[in-house]
Asker: 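I'd like to ask you about the structure that follows.
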Amino acid sequence: MPLHIQNTDDDSDYILIAKIDNVKNVSQLLKAVHFRETATIFGSENGLKVTVENAKCMQANAFIQASMFHEFILKQESVSFQINLTVLLECLNIFGANTVSGITTALHLCYAGYGSPLVLILEEGGVLTDCRIKTQETEDILDFQFSPENVVNKVIMKSEILREVWSDLDTTSEILQIVMSPDKPYFRLSTFGNAGTIHVDYSKDSDMVESFQCTQTQSNRYKISLLKPSLKALIQSIKISIRTDEQGIICLQYMIKTEDEHICFVEYYCIPDEEVDVKEYE
């Protein structure tokens with residue numbers, strides 16, 4: 001029996017209930033932030049936010065909106081717990097990534113509260129699988145205080161151009177320098193490896209640039225090892241918003257279209273590696 005018409009009387013003990021007819025819409029977003037095992041899941045009336053951090057200097061957030069689910073119930077203001085993201089993805093894909101054409105895997109997700117496991121009931125072609133994943137208490141999560149009023153520069157680009165740039169980056173460089181400026185070079189990516197210093201410039205009038213809002217010249221360096229996990233989201237995305245604040249913290253926001261045509265977002269935050277003399281690279 002399809003999950004969306006099953007009797008929901010057994011859901012009375014749970015504080016979080018979410019049902020979706022195509023689990024790939026969820027697993028697609030989770031894969032975009034799967035670069036470490038542990039993730040923190042936050043639930044609110046808006047849906048689920050899945051947060052993954054690295055070394056307290058990089059953070060990724062996947063937003064799974066309540067509207068993606070055909071049923072989303074949260075019986076309290078908010079809920080949060082830590083979970084093994086690797087195990088969660090393995091359970092979501094328990095029927096395999098390549099299912100028969102036209103057949104999707106439905107998901108019924110439940111959580112009863114502090115100390116309880118996350119319950120997953122998956123159904124495909126009439127076959128049901130029940131998974132229970134241990135949860136843990138949440139730990140402190142970084143707050144980058146990246147509010148709109150703190151944003152100094154913002155560029156929105158088509159993702160395809162940055163995918164090409166990433167594939168051509170000098171892999172011997174440990175640093176990626178990003179210059180954003182109201183004047184030339186406008187938007188510049190630079191590496192410093194065995195091939196020497198390489199610059200890639202984009203004009204604010206480029207066909208690949210959809211929006212260019214730069215109020216001051218900024219030049220910041222970021223460790224490529226910290227930015228590299230965001231490639232998971234870049235590969236799936238159709239657009240990317242690149243924002244920086246006064247401290248040089250960068251936010252890479254990826255617009256992703258799911259298999260069922262839902263528009264979702266994944267964000268990556270990263271702190272700069274060091275101060276750079278802007279004039280040196282103009």
Side-chain angles (χ1 to χ4, degrees), residues 29 32-33 46 49 51-54 57-63 65 141-166 169 175-191 199-224 226-257 262-282:
L29 294 172
V33 296
N46 297 320
K49 181 177 78 168
T51 299
V52 181
E53 293 187 335
N54 183 15
C57 55
M58 194 269 275
Q59 180 187 96
N61 298 298
F63 299 93
Q65 300 103 313
I141 296 296
L142 289 172
D143 182 3
F144 287 94
Q145 298 182 344
F146 208 93
S147 58
E149 55 268 23
N150 292 334
V151 173
V152 175
N153 294 321
K154 177 180 178 180
V155 177
I156 299 177
M157 306 178 70
K158 295 180 181 178
S159 296
E160 59 186 272
I161 190 64
L162 284 186
R163 286 196 288 268
E164 294 175 4
V165 171
W166 270 106
L169 282 181
I175 295 294
L176 176 66
Q177 181 175 292
I178 300 177
V179 176
M180 301 172 74
S181 173
D183 304 305
K184 288 185 177 181
Y186 300 116
F187 184 76
R188 168 176 285 181
L189 303 176
S190 303
T191 54
H199 300 305
V200 180
D201 294 346
Y202 296 97
S203 169
K204 63 179 180 179
D205 299 319
S206 168
D207 292 339
M208 292 296 173
V209 177
E210 295 197 3
S211 177
F212 187 88
Q213 303 172 30
C214 290
T215 62
Q216 66 183 54
T217 299
Q218 281 187 310
S219 180
N220 297 291
R221 288 184 171 186
Y222 305 92
K223 289 184 178 179
I224 289 182
L226 292 177
L227 293 178
K228 192 173 182 179
S230 70
L231 276 173
K232 292 175 178 287
L234 177 61
I235 291 171
Q236 298 184 38
S237 67
I238 54 178
K239 293 182 185 180
I240 175 175
S241 169
I242 304 169
R243 295 175 292 165
T244 54
D245 68 4
E246 292 181 350
Q247 297 178 317
I249 296 173
I250 193 168
C251 174
L252 306 172
Q253 184 184 69
Y254 298 94
M255 178 187 290
I256 296 174
K257 184 180 292 187
H262 293 284
I263 298 298
C264 301
F265 295 92
V266 170
E267 290 182 342
Y268 276 80
Y269 294 92
C270 185
I271 64 173
D273 187 53
E274 60 184 344
E275 294 290 335
V276 181
D277 183 359
V278 174
K279 294 182 179 178
E280 181 181 350
Y281 300 102
E282 290 182 345

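Quick caveat: nothing in here was measured; it's all calculated off a predicted structure.
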Asker: State the OG1-CD distance between T215 and E246, to the nearest 0.5 angstrom.
Answerer: 8.5 Å
Asker: Can you give me the closest heavy-atom contact between A62 and L29, atom names plus distance?
Answerer: CB-O, 3.8 Å
Asker: Quick check: do I256 and V266 have side-chain heavy atoms less than 4.5 Å from each other?
Answerer: yes
Asker: Can you confirm whether P185 sits close enough to V179 that some side-chain heavy atom of one is under 4.5 Å from a side-chain heavy atom of the other?
Answerer: yes
Asker: Check whether any side-chain heavy atom of I224 sits under 4.5 Å from a side-chain heavy atom of I175, and report yes or no.
Answerer: no
Asker: Ignoring hydrogens and geometry, is there a side-chain-to-backbone donor-acceptor pair from R188 to I178 under 3.5 Å?
Answerer: no
Asker: Are more than 12 heavy atoms, taken from residues, nucleotides or ligands other than Q216, located less than 6.0 Å from that residue's CD atom?
Answerer: yes
Asker: For K228, is there any backbone N or O sitting under 3.5 Å from a side-chain donor or acceptor partner on Y268?
Answerer: no
Asker: Using side chain to side chain contact (heavy atoms under 4.5 Å, CB included), reason through M157 and I161 one step at a time and then give a plain yes or no.
Answerer: CA-CA 8 Å; M157 306 178 70; I161 190 64; 3.7 Å; yes
Asker: Do I271 and I249 have side chains that approach each other closer than 4.5 Å (heavy atoms only, starting at C-beta)?
Answerer: yes
Asker: Report yes if the side chains of M255 and S237 come closer than 4.5 Å at any heavy-atom pair, otherwise no.
Answerer: no
Asker: With ring-ring contact (aromatic ring centres under 6.0 Å, His included) as the criterion, how do F265 and F63 come out once you've worked through the C-alpha distance, each side chain's angles and the decisive distance to 0.1 Å?
Answerer: CA-CA 6 Å; F265 295 92; F63 299 93; 8.0 Å; no
Asker: Regarding Q213 and S211, do their side chains bring together a donor and an acceptor under 3.5 Å, going by distance alone?
Answerer: yes
Asker: Could you walk me through whether Y186 and D201 pass the side chain to side chain contact (heavy atoms under 4.5 Å, CB included) check?
Answerer: CA-CA 7 Å; Y186 300 116; D201 294 346; over 6 Å; no
Asker: Tell me, with the steps shown, if V52 and Q59 meet side chain to side chain contact (heavy atoms under 4.5 Å, CB included).
Answerer: CA-CA 6 Å; V52 181; Q59 180 187 96; over 6 Å; no
Asker: Strictly below 4.0 Å, N to O, side chains only: are R221 and D273 in salt-bridge contact?
Answerer: no
Asker: What are the two closest heavy atoms between S181 and F212, and how far apart are they?
Answerer: O-CZ, 3.0 Å
Asker: Considering residues at least two apart in sequence or located in another chain, which fulfil the side chain to side chain contact (heavy atoms under 4.5 Å, CB included) criterion with T244?
Answerer: N153, M180, Q218, Y222, I250
Asker: Quickly, which of L252, V151, I156 forms a side-chain contact (heavy atoms from CB on, under 4.5 Å) with S241? Name it, please.
Answerer: I156
Asker: Starting at CD1 of I141, measure out to CD of E53 and round the result to the nearest 0.5 Å.
Answerer: 4.0 Å
Asker: Is there a side-chain contact between C214 and P182, using heavy atoms and a 4.5 Å cut-off?
Answerer: yes
Asker: So, for W166 and L234, which heavy atoms are closest and what is the spacing to 0.1 Å?
Answerer: CD1-CD2, 3.2 Å
Asker: Do F146 and R243 come close enough that some side-chain heavy atom pair is under 4.5 Å?
Answerer: yes
Asker: How far apart are the closest heavy atoms of A32 and K232, and which atoms are they?
Answerer: O-CB, 3.7 Å
Asker: Side-chain contact, heavy-atom cut-off 4.5 Å: Y269 with N61?
Answerer: yes
Asker: Assess whether a salt bridge exists between K158 and E164, defined as any Lys/Arg side-chain N lying under 4.0 Å from an Asp/Glu carboxylate O.
Answerer: no
Asker: In Å, rounded to the nearest 0.5 Å, how long is the span from CG of L162 to OG of S230?
Answerer: 9.5 Å
Asker: Where is the tightest heavy-atom contact between C57 and L142, given as atom of each residue plus distance?
Answerer: N-CD1, 4.0 Å
Asker: Over all heavy atoms of both residues, which pair between K257 and I263 is shortest? Give the atoms and the distance, please.
Answerer: CE-CD1, 3.9 Å
Asker: Please tabulate, for the side chains in residues 202-210, all donor-acceptor contacts under 3.5 angstrom to protein atoms that are two or more places apart in sequence or on a different chain.
Answerer:
| from | atom 1 | to | atom 2 | distance (Å) |
| --- | --- | --- | --- | --- |
| S203 | OG | D205 | N | 3.1 |
| S206 | OG | M208 | N | 3.2 |
| E210 | OE1 | K239 | NZ | 3.1 |

Asker: In Å, rounded to the nearest 0.5 Å, how long is the span from NZ of K223 to SG of C270?
Answerer: 9.5 Å
